[in-house]
Amino acid sequence: MLSFCQSYEYLNARSALRTLLTEQLGDIAAITWLPNLQDNERAAALQQADAVLALNTGKELRPHEAELLQNAKLIQFMTAGVDYVPLSQ
């Protein structure tokens, strides 16, 4: 499962990116867009995620959601630097 953390504002601005990712990965990955999910669905998606694509998990994840990513094999940030990301969480 591939989970995407981006905010609605980012996804709306980058709808072409969302379309591209869905087209390219939709046949090989179950894609979950976190902003579309209810609280209990978010927790389950994060716990089951093999990979997460994010800009800033400090803003995109709610308190205590980062600990749900323990099973993720990849957390990919879409920015060049991650100095602002709370990696200790």
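FYI, the numbering just counts along the sequence from 1. Small disclaimer: the values here were computed from a predicted structure and weren't measured.
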Student: With sequence neighbours left out, what residues match Gln24 under side chain to side chain contact (heavy atoms under 4.5 Å, CB included)?
Tutor: Leu20

Student: Restricting to non-hydrogen atoms, name the atom on Leu37 and the atom on Ala45 that form the minimum distance, rounded to 0.1 Å.
Tutor: CD1-CB, 3.8 Å

Student: Identify, with sequence neighbours excluded, every residue that meets side chain to side chain contact (heavy atoms under 4.5 Å, CB included) alongside Gln47.
Tutor: Leu68

Student: Listing request: all salt bridge (Lys or Arg N to Asp or Glu O under 4.0 Å) pairs with a residue in residues 68-78, at least two apart in sequence or in separate chains.
Tutor: Asp50-Lys73

Student: Going by the rule side chain to side chain contact (heavy atoms under 4.5 Å, CB included), which residues pair with Ile28 if we only count those two or more places apart in sequence or in a different chain?
Tutor: Leu25

Student: Counting C-beta onward and ignoring hydrogens, is there a side-chain heavy-atom pair between Leu46 and Leu61 closer than 4.5 Å?
Tutor: yes

Student: Do other residues, nucleotides or ligands put more than 12 heavy atoms under 6.0 Å from Asn40 CG?
Tutor: yes

Student: Under 4.5 Å between any side-chain heavy atoms of Leu69 and Ile75, yes or no?
Tutor: yes

Student: Could I get the full list of side chain to side chain contact (heavy atoms under 4.5 Å, CB included) partners for Glu23, not counting sequence neighbours?
Tutor: Thr19

Student: How close do Ala54 and Glu60 get, counting heavy atoms only, and between which atoms?
Tutor: CB-OE1, 3.3 Å

Student: Who pairs with Asp39 by side-chain hydrogen bond (donor to acceptor under 3.5 Å, both in side chains), at least two apart in sequence or on another chain?
Tutor: Arg62

